[in-house]
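This report concerns only the one structure given below.
Ligands are counted one by one from 1 in listed order, and the atoms in each one are counted from 1 as well.
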Amino acid sequence: MNSFLTIAMPKGRIFEEAADLLRKADFRLPPEFDDSRKLILEIEEENLRFILAKPMDVVTYVEHGVADVGIAGKDVMLEEERDVYELLDLKISTCYLAVAGLPNTKISDITPKIASKYPNVASSYFREQGEQVEIIKLNGSIELAPLIGLAERIVDIVSTGQTLKENGLVEYAKIADVTSRLIANPVSYRIKEKRITEIVDRLAEIVNQ
Ligand code: PRP
């Protein structure tokens with residue numbers, strides 16, 4: 001009998017692509033999976049349990065071992081150093097982290113303000129550039145910050161580029177490419193290696209097609 005496995009899935013924009021990938025890999029996700037408000041769903045025949053978490057929290061559930069594996073964005077992994085294994089690049093939810101701001105503007109010489117949902121990524125990027133900046137942490141709608149005068153630059157995810165465009169902002173630098181990754185709790189990986197490897201193989205076959 002397969003050992004029981006818990007998978008942490010990100011709610012929101014990654015969810016659809018992740019569910020689609022799992023279905024292609026022959027995981028029989030129930031139809032109500034996509035629309036339900038339920039946070040825990042089980043596929044008894046496969047001995048699988050899915051928990052649905054905020055994208056930023058998936059890594060936390062996996063790190064604490066309450067989920068054996070999870071699907072998390074590389075952006076989250078770059079922002080916080082966590083004790084999890086990164087097993088596979090799922091090549092979904094492709095986007096990148098970038099510096100953006102109002103067009104034709106230079107940042108101040110003295111401690112410019114940078115707004116971001118990714119304070120650690122932002123701070124290490126500007127440190128590498130040799131610039132001393134003040135990071136302002138926001139939780140969303142980051143593009144608002146330069147428009148309203150809260151910050152001179154933002155560090156945020158760019159996917160289609162539509163949000164920047166519609167708000168009259170431009171990109172100044174690309175920081176890192178981002179895709180979703182399959183991650184695992186190190187202890188789960190040791191104890192349930194066979195089961196987890198089987199999942200990696202099933203997904204890798206689809207991803208690398
Ligand atoms: C993300 C990101 C940008 C936007 C980029 O925000 O923070 O705002 O998507 O996508 P685009 O390049 O396709 O326009 P999200 O929609 O996740 O919401 P948030 O602003 O609450 O973070």
Original post:
Can you name the residues that come within less than 4.0 Å of ligand 1, going by heavy atoms only?
Top reply: Arg13, Lys117, Gly140, Ser141, Glu143, Asp156, Ile157, Val158, Ser159, Thr160, Gly161, Gln162, Thr163
**OP:** Decide side chain to side chain contact (heavy atoms under 4.5 Å, CB included) for Leu102 and Leu169; before the verdict, give the C-alpha distance in whole Å, the side-chain angles of both, and the deciding distance to 0.1 Å.
**Re:** CA-CA 5 Å; Leu102 288 167; Leu169 300 174; 3.7 Å; yes
**OP:** Might you point out which heavy atoms bring Val158 and Glu171 nearest each other, and give the distance in Å?
**Re:** CG1-OE2, 4.2 Å
Subject >> Test side chain to side chain contact (heavy atoms under 4.5 Å, CB included) applied to Phe50 and Glu42, step by step >> reply: CA-CA 6 Å; Phe50 288 90; Glu42 291 191 3; over 6 Å; no
Original post:
With a distance cut-off below 6.0 Å to the six-membered ring centre and an angular limit of 45° from the axis, does Arg49 pair with Phe4 as a cation-pi contact?
Top reply: no
Original post:
Is the closest basic N to carboxylate O distance between Glu198 and Lys194 below 4.0 Å?
Top reply: no
Original post:
Which hydrophobic side chains are connected to Ile191, either touching it within the sub-4.5 Å cutoff or through other members that do?
Top reply: Val187
